[in-house]
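Values below: all heavy atoms of this structure, side chains included; hydrogens, waters and symmetry mates excluded. The structure presented is a predicted model; accordingly, all values stated were derived computationally and were not measured. Below, chain A is the first sequence line, B the second, and so on; all start at residue 1.
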There are 2 protein chains.
Amino acid sequence: MCCKTYNEKRKQQLNRVLEIYSYQLKICIFDKNIYRIIFIVKKNTKCPLKKSLRRILLYRGSLLRLQALGVKSVYSYTLGKETGVSAEQVRKDFSEYQIKGNQRGGYYVEELINEMGRIFFQGGNKNIIVVGRGNIGSSLTNYDKFVQRQINIVASFDIDPSKQRSRSEIPVYGMERLGEIIKRFTVRAAIIAVPEMAAQLVCDQLVGFGIEGIINFAPVILKVPDDIIVNNVNLSDEIESVIYCVTRETENERH
Amino acid sequence: MCCKTYNEKRKQQLNRVLEIYSYQLKICIFDKNIYRIIFIVKKNTKCPLKKSLRRILLYRGSLLRLQALGVKSVYSYTLGKETGVSAEQVRKDFSEYQIKGNQRGGYYVEELINEMGRIFFQGGNKNIIVVGRGNIGSSLTNYDKFVQRQINIVASFDIDPSKQRSRSEIPVYGMERLGEIIKRFTVRAAIIAVPEMAAQLVCDQLVGFGIEGIINFAPVILKVPDDIIVNNVNLSDEIESVIYCVTRETENERH
DNA sequence: CATTTTATGTGAAAAATATAACTATAAAAA
DNA sequence: TTTTTATAGTTATATTTTTCACATAAAATG
């Protein structure tokens, strides 16, 4: 019954719509009017950063702030409280990456930051680009916190010519200059902040120009080759999870 | 030697600076000039959403998009590929929350979405507010993807009077109206998108007005009572983790 | 109508992660 | 100098999460 007859016209129609997502479709007819559409997608890769490493990044952020305030040293339990991690965990993490402290004097902030720098970026550049100068793209481009972390946005891109400005501090180029800029600044990671519909297209272009890592703010899962790293930041999810926690608390009280 | 003599003046000075973070300080003198500053912080709580639940949220986002495209049903492995999760995991997650499929026909998108709605928000409102109309605050306020997820931003706030606009679609009020609005719309969750320095202050106000959940975009860990849920979204971390993955790949190749 | 195919559903094993308990040690105090 | 104490460092244990393997059921096939 199902999957025997294909409505080719409808299928083509839908495939066109879905092409931008690289979906493959399988369309089935139940009766005259009800279509059953099943979709099959290509492989997707994530950014599988180990939890302990993720936390090192978190510690580092805290430490940089503390250093700016003149703090010279921390204890495992203070850094833990600061980052919402247990003291044991902090020590465990440090132990995993051979970060040493002083038996009774805690850890020196500067040493920690240096050690973490060693773990992370072994001196490589941190040049990135932002594609899409809408809401989120623009706010990221102007986000001043990246400076402290030495994240360097070298350029941004948008298809809309009215948004393009090659003379501003962080220039906004048209998409045609993507390859050139990536090459010139040896950019390896890019932020996608374009609308859902354009995200896959932009992603394909970026990959084509040799980008190896993508931070994706569009609420679509991108289809990329196995060796490309994608980190999806889904703001709706972040908010909904809090709303869920809050509602759940009340639910529990009722029982 | 250390921790015997306290330089009270310096301590007071620093305590004032650090007050906004609710840090407690312990200052030690090594010799005439070198201060050793150790800091001790108050307790911090996170948003500890179970991984499987986090994924349900992820599936839900995908499914809503697919539904909008007319997709009627999915298989565990297709939904898995779509969200970057293994098929077994998808089924396991569904099994954990008693979500049933059809032994050979996959899962119906609509049913899945309904089931997930049941798990999550049991009909409660999803009203939230945004504090801070800088870069990120404004882009969140204008972020159109929240509509699909029924997240409803009822108002935003800023101390800067020039940003205040009570007539626009999503009004921008001054901080003095915070309590009133929270009460009127029975808001339970709020987004903090103010600068680092103001974040703790704003947080304390929100908590004072009965807010139970916070999505914090400021790169500080907020000090809150135990029962308040905080979800920290650190954009620098998200980007750095990708840069790290990319650089690591090259490092590995060298060995 | 028996057989094959292709999914789901789930229990057990494995891996990853977190917590707790303990030991060693350097600084401070006596 | 000796004792005490606070904190790093490490090992053991517990918990969570993921993967694997297979039973089971519906649909398709011939």
Side-chain angles (χ1 to χ4, degrees), chain A residues 1-6 26 28-31 36 38-40 46 48-59 72-109 111-112 115, chain B residues 1-6 26 28-31 36 38-41 45-46 48-59 72-109 111-112 115:
Chain A
M1 199 210 317
C2 169
C3 290
K4 256 185 177 164
T5 332
Y6 283 74
K26 186 167 135 193
C28 314
I29 302 173
F30 274 132
D31 58 41
R36 181 170 168 209
I38 297 171
F39 83 106
I40 295 158
K46 288 192 303 177
L49 202 54
K50 235 180 144 182
K51 281 204 167 183
S52 54
L53 258 175
R54 240 341 251 248
R55 280 194 302 267
I56 298 276
L57 220 42
L58 186 68
Y59 304 144
K72 298 290 178 201
S73 76
V74 293
Y75 300 133
S76 62
Y77 79 92
T78 51
L79 186 58
K81 284 274 167 73
E82 172 68 2
T83 49
V85 169
S86 75
E88 297 85 355
Q89 184 110 71
V90 172
R91 294 203 300 275
K92 196 88 207 262
D93 289 340
F94 285 2
S95 149
E96 186 176 344
Y97 297 99
Q98 284 90 45
I99 295 174
K100 300 285 176 191
N102 316 296
Q103 282 284 14
R104 232 201 104 173
Y107 302 86
Y108 294 111
V109 172
E111 274 179 27
L112 284 183
E115 279 296 292
Chain B
M1 201 210 315
C2 170
C3 289
K4 255 185 177 167
T5 333
Y6 282 74
K26 186 168 136 192
C28 314
I29 302 174
F30 275 132
D31 58 38
R36 180 169 167 211
I38 296 171
F39 83 106
I40 295 158
V41 292
T45 324
K46 288 191 302 177
L49 203 53
K50 237 180 143 185
K51 280 203 168 185
S52 54
L53 259 174
R54 239 342 252 246
R55 280 192 302 266
I56 298 276
L57 220 42
L58 186 68
Y59 303 145
K72 298 290 178 201
S73 76
V74 293
Y75 299 133
S76 63
Y77 81 93
T78 52
L79 186 58
K81 284 274 168 71
E82 172 68 2
T83 49
V85 170
S86 75
E88 297 87 355
Q89 185 110 71
V90 172
R91 294 203 300 275
K92 198 91 214 233
D93 289 341
F94 286 0
S95 150
E96 186 177 343
Y97 297 99
Q98 284 89 46
I99 296 175
K100 299 285 175 188
N102 316 296
Q103 279 283 16
R104 232 203 106 175
Y107 303 85
Y108 294 110
V109 173
E111 274 179 28
L112 284 182
E115 279 296 293

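- Atom CG of Leu79(B) is separated from atom C1' of dG9(C) by 16 Å (rounded to the nearest Å).
- In this structure, the side chains of Lys51(A) and Arg55(A) come closer than 4.5 Å at one or more pairs of heavy atoms.
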Polar-atom pairs under 3.5 Å, protein N or O versus N or O of nucleotides 19-25 of chain D: list them with distances, or write none.
unit_1  : atom_1 : unit_2    : atom_2 : d
dA25(D) : O4'    : Gln103(B) : NE2    : 3.3

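- Residues Ile99(B) and Tyr59(B) fail the side-chain proximity criterion, which asks for heavy atoms closer than 4.5 Å.
- A side-chain contact (heavy atoms from CB on, under 4.5 Å) with Val85(A) is found for exactly one of Gln89(A), Glu88(A), Glu82(A), namely Gln89(A).
- Atoms CD (Glu111(A)) and C1' (dA8(D)) sit 14 Å apart, rounded to a whole Å.
- The CG-P distance, from Asn102(B) to dG9(C), rounds to 8 Å in whole Å.
- In this structure, Lys50(B) atom NZ and dA16(C) atom P are separated by 20 Å, rounded to whole Å.
- Taking both residues in full, the closest heavy atoms of Val90(B) and Ser76(B) are given as CG2-O, 3.8 Å, listed atom of the first, atom of the second, then distance.
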Each nucleotide N or O in nucleotides 1-3 of chain C that has a protein N or O under 3.5 Å away: list the pair and distance.
none

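- A 4.5 Å side-chain heavy-atom check between Glu115(B) and Tyr108(B) finds every atom pair outside the cut-off.
- Here the closest non-hydrogen pair linking Leu53(B) and Tyr97(B) is CG-OH, 3.2 Å.
- Across all non-hydrogen atoms, the minimal contact from Lys50(A) to Glu96(A) is NZ-OE2, 2.6 Å.
- For the segment residues 93-101 of chain A, residues with any heavy atom less than 4.0 angstrom from an atom of DNA chain D are, sorted by number, Ser95(A), Ile99(A), Lys100(A), Gly101(A).
- Following rounding to the nearest Å, Arg54(B) (CZ) and dT18(D) (P) show an atom-to-atom distance of 13 Å.
- The distance between atom NZ of Lys51(B) and atom P of dT15(D), rounded to the nearest whole Å, is 19 Å.
- Residues Lys81(A) and Tyr75(A) are not in side-chain contact: their nearest non-hydrogen atoms beyond the backbone lie 4.5 Å or more apart.
- Taking CD1 of Ile56(A) as the reference point, atom OG1 of Thr83(A) lies at 10.5 Å (rounded to 0.5 Å).
- Residue Tyr75(B) places no side-chain N or O under 4.0 Å from the OP1 or OP2 atom of dG9(C).
- The residue Arg55(B) sits close only to the backbone: its heavy atoms come under 4.0 Å of sugar-phosphate atoms, none of a base.
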